[in-house]
Every structure is written in structure tokens, then in C-alpha cells.
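Side chains are part of it too, since the values below use all heavy atoms of this structure and drop only hydrogens, waters and symmetry mates. Protein chains get the first letters and strands the later ones, always in sequence-line order, with residue 1 at the start of each. A quick note: this is a predicted structure, and the numbers were derived from the prediction, not measured.
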Protein chains: 2
Amino acid sequence: MPHKSVRQRLPYDERREQFVEKAVQFFAREGFESSTRDLARSLGVTQPLLYRYFPSKEDLIREVYEAVYLQRWRDEWNDLLIDRSKSVTDRLNLFYTQYTDVIFRDDWMRIFLFSGLKGIGLNREYLLFIRQNLIEVITREILAEHHVDQMPLSDDEIEFGWTIHGGIFYYGVRLLIYNMAVHPDKSFVIENSIQAWTHQLVAIRKHNLN
Amino acid sequence: MPHKSVRQRLPYDERREQFVEKAVQFFAREGFESSTRDLARSLGVTQPLLYRYFPSKEDLIREVYEAVYLQRWRDEWNDLLIDRSKSVTDRLNLFYTQYTDVIFRDDWMRIFLFSGLKGIGLNREYLLFIRQNLIEVITREILAEHHVDQMPLSDDEIEFGWTIHGGIFYYGVRLLIYNMAVHPDKSFVIENSIQAWTHQLVAIRKHNLN
DNA sequence: TCCACTATTTATCAATTGAAAAATAAGCTG
DNA sequence: CAGCTTATTTTTCAATTGATAAATAGTGGA
């Protein structure tokens, strides 16, 4: 009974997608310094096959970044955040619940941190995106709801938004990177962060009005 | 004119200390996957010399962790945080100013994140230490100052402490890992975080008293 | 059924890696 | 100055790495 070398032959596009998808999980687990041989093994193919689809390891990694960062933001979130038929608190609760469902995953978190340490440009671009589409929008909406939106946003107010956002993000880091025993209820963290955000932000603005 | 091979001969302990110290900076800059040859070059010695002082690269890295984590906490901070001759706000301001002076450095931040991603045990130990010596202590002190310290600390209250602490920590991540344009005034972040901490913590306790 | 195309594997290379063994030289002690 | 100790370098190895070239085998079309 000869061992048939089961050679799975897939269409180009299908194989390529499969590679990127699995590479996300693999590199998140093992880090980007892991070998292409190990990656190929976890894919059930031989290592040179990777080079039919990606000219170099670096190119593959770039595709991994793009798959993680750029393809997981939902455009509907932009609309949700400025939907004034809901209270800001409701909007923020809804948004952060969904957003953390997406980013509080092992692959997202680890690749975000791995790529940050490697000094990848995509990382800074993503954070710039977050600033413009999250921090600034939310800050504006909170101030509007409290009728203190006569003046443009200040650096102080933006910075405090980052601080709160970072607090929520850090919950994911403790949970997924450090495997700590965090509060079992994610919504507790979100609700309190939002409450602190609105309260403290209004205090900052009123303080700076003088 | 022959090129004299300047062979610097140092006492064992001195050379060893030098190696660990410089290795901290090197690995923070280049990551732990960098070669021992590059490290040796940056030290001005040959690569096999490292193996006279550390049995393996892994052992050297472990010493780097210890140098970064364990040797930078100041015992006086434990006293400062419970010094009730000062207000909690003053204590926290003072503490976080000094603490962030220590950890908001390229080597500390990057090694903390690198080692976290590699799943090193030391990392979790450090966070346990932070919980006991920071989060819990601070939470207790805030509640005492507001005369609502009749009941023991709850998970809710601890978790919120982590959220605020994480917000401050994230400022360092944005500054040193992502090289972003953060608020130029570190003390602004600290002051607002402390204010949000005390305010929201008391709110949580009062809410849970019902 | 045969052929052409190409997805996949086998075989291989040069560079880099962590690590060990052997050779050398600095510096102390007498 | 002789001689011993050991810090440091030179030499070398086997394993692993990213990557390429050649060989092989599925698959669809004529």
C-alpha cells in the first residue's frame, strides 16, 4: 500500500487567499521571525510553493498586515458615531462593543504589537486613521451633546481621548497578550471608560474656557 | 604601521555587567531575534566571548529581562503611596511622574512588549506585582480619603484601576513604540487620569453600595 | 486519449545563525 | 624576567534560513 503523495491542486486565487488567511494566524502565534518552512508546514504544503505566490517573505508579511488592519474596519461605524438620534453614551457603547469584538482577538492584537515593534509604516497610518475616525469624532460628539462645541478641538481634549481609548485597548492587551485574569465583563470596562470620558472631557473644556 | 589588535582585558564581573547593560539597549533597539554577532560588534568584542559569560543566548536574554524589570522599582514608592500626610492626588501625581520617568524609555517599553509577546513568565509576575503594589494600594487610598472604605475592594474597582493605569501606559506606547506626536506635556495625561480615577472610582463604589 | 499548462514538489544553494574548540595574549605573582 | 592564569580572539561546525532551478503531476481542452 504505497503512500500516495496527496498533492492538493488548487486554483491560483483560492490558494493565495488561503495562504494569507492562515499566515495571519501563524505569524500572530509565532511572530514574524518564524521561518517560511514552519509556515508552509502549518499550511500543509512545501516551502517553495509560497514563493510562487509571494516574491519574498517581506511581501507576504505586508499582505498579512493589510488583511489585519485594513479589512476589519466597518464603514457603518463612521455613520453610527455621528448618529445623533441616539445618545452619545449609547453610540459609544454600541461602537466599542463591536470594535472590541473585532480587535480583541489573538491574531489582531499580536500582529498589531509585533508590527509596532518592527516599526512598520502601516501601523502609524492605522493610528492616524483611529485618531481621525474615532478620537476626534467622539470628542466632537460628546462636546456637542453637552452644548460646549463652540470652539474647535484642542490638543488637550484629543489627548484625553487617547488616554481613555488606551485604557480600553489595554484591557485587550492584558487579556490576550499577557493572559491575565481580567474582569469577566468587557462591557463593564467599556461603560466606565465612556462615563469617565464624557465627564472628564467636559471638565477639561470648561476648565480651558477661562 | 601594523594595526594593533587592541585587546581590552577586563575583570570578569565588570565585563559581565557591561554586557548585560549594553545588551538591554541592543535588544530593545534590534529585537531579540538579532544575532549575537551583531550584539558583540556593538560591544566591541568578538562573538564567542559572549559565551564565556552566558551559556546560551537564551540565558543572556533572561538576564536582560531581569535587569529591566526587577531593578527599576524603587522601594520608596511603596511608602509614598500610603503616606497620608499628603493628599492622594499629590501622591499619585508624584508617583506617576517618577514611575513614568523610569518606564517611558525606549529600552523598558520595547523589552516589556517584546517579552510579553514571547510569553515570558517574568512578564506576568511583573503585572501581578503592579496589581498588588499599585492598583490595589491606590484604590484603597482613594476610597479611604473619600471615607468609603468600609468594604473590601471589589473586582470592579480593581478593573477600573487597570483601565486608568493602562491609559497612562498607552501614552508611553504611542510615544516610544509608535513614535506618534503625543501631547507634549506628560503631566497633563497624568493629572487628568488621576482626576478621572478618583472621580469614577468613588462613583463605582457608591453605585455598588446599593 | 493525448497534450499543454501550471500548480506543486524535490533538490539545492549561499548566507546567517548559535555554539564549541583551539590558539593567543594580557596581566598578575613570585 | 619567568610562569601561570584566564580573558579574548581565531577558526570552525552543524543547523537553519530565504530563495532559486529543475523535476513532477494534476487538470482541463482539443
Side-chain angles (χ1 to χ4, degrees), chain A residues 1-24 26-65 111 114-115 117-118 120, chain B residues 1-24 26-65 111 114-115 117-118 120:
Chain A
M1 213 169 142
H3 209 83
K4 196 172 175 188
S5 120
V6 189
R7 195 187 270 212
Q8 266 231 66
R9 193 188 168 100
L10 293 182
Y12 185 89
D13 292 338
E14 194 173 329
R15 183 64 97 183
R16 194 184 159 84
E17 270 180 47
Q18 182 202 52
F19 279 1
V20 174
E21 207 170 300
K22 297 268 188 146
V24 168
F26 175 82
F27 283 127
R29 198 171 56 244
E30 309 287 340
F32 289 118
E33 320 284 345
S34 291
S35 71
T36 53
R37 275 174 183 77
D38 284 347
L39 168 60
R41 192 174 309 124
S42 88
L43 283 162
V45 298
T46 56
Q47 179 248 5
L49 187 57
L50 292 170
Y51 287 84
R52 179 145 203 101
Y53 295 85
F54 312 96
S56 73
K57 187 184 177 184
E58 206 185 326
D59 286 275
L60 169 57
I61 289 178
R62 192 171 307 126
E63 297 224 24
V64 166
Y65 289 140
I111 283 178
F114 269 127
S115 63
L117 287 169
K118 293 198 94 179
I120 307 300
Chain B
M1 212 170 146
H3 210 82
K4 195 174 176 185
S5 119
V6 189
R7 195 188 272 212
Q8 265 232 65
R9 193 188 167 99
L10 292 182
Y12 185 89
D13 291 338
E14 194 172 329
R15 181 66 95 185
R16 195 185 158 84
E17 270 181 47
Q18 182 201 52
F19 278 2
V20 174
E21 205 169 302
K22 297 271 188 142
V24 168
F26 176 81
F27 283 126
R29 199 172 54 243
E30 309 288 340
F32 289 118
E33 320 284 343
S34 292
S35 71
T36 54
R37 276 174 183 78
D38 284 347
L39 168 59
R41 192 174 307 124
S42 88
L43 283 163
V45 298
T46 56
Q47 179 248 5
L49 187 57
L50 292 171
Y51 286 85
R52 180 143 202 104
Y53 295 86
F54 312 97
S56 73
K57 186 185 179 183
E58 207 185 326
D59 287 276
L60 169 56
I61 288 179
R62 192 172 306 125
E63 297 225 23
V64 166
Y65 290 141
I111 283 176
F114 269 127
S115 61
L117 286 168
K118 294 200 101 181
I120 306 300

Proximal nucleotide (of C/dT10, C/dT12, D/dT11) relative to the A/P48 side chain: C/dT10

Between P of C/dA23 and CG of B/L49, the distance in whole Å: 19 Å

Full working for side chain to side chain contact (heavy atoms under 4.5 Å, CB included) between A/L39 and A/F27: CA-CA 8 Å; A/L39 168 60; A/F27 283 127; 4.1 Å; yes

Sugar-phosphate only, base, or nothing, as touched by A/R15 at under 4.0 Å among non-hydrogen atoms: sugar-phosphate

Between D/dT8 (P) and B/Y12 (OH): distance, integer Å: 11 Å

Contacts of B/Y53 that satisfy side-chain contact (heavy atoms from CB on, under 4.5 Å) - sequence neighbours left out: B/Y12, B/R15, B/R16, B/F19, B/L49

D/dT16 phosphate, OP1 or OP2, under 4.0 Å from A/S35 side-chain N/O: no

Touch class at under 4.0 angstrom, heavy-atom based, for B/F54 against every strand present: nothing

Distance test, side-chain N/O of A/Y51 to OP1/OP2 of D/dA21, below 4.0 Å: no

Residue A/R9, side-chain heavy atoms: nucleotide from D/dT20, C/dT6, C/dT24 that is nearest: C/dT6

Presence of B/T36 side-chain N/O under 4.0 Å of C/dG18 phosphate oxygens OP1/OP2: yes

Note: B/K118-A/E33 ion pair, threshold 4.0 Å (strictly below): no

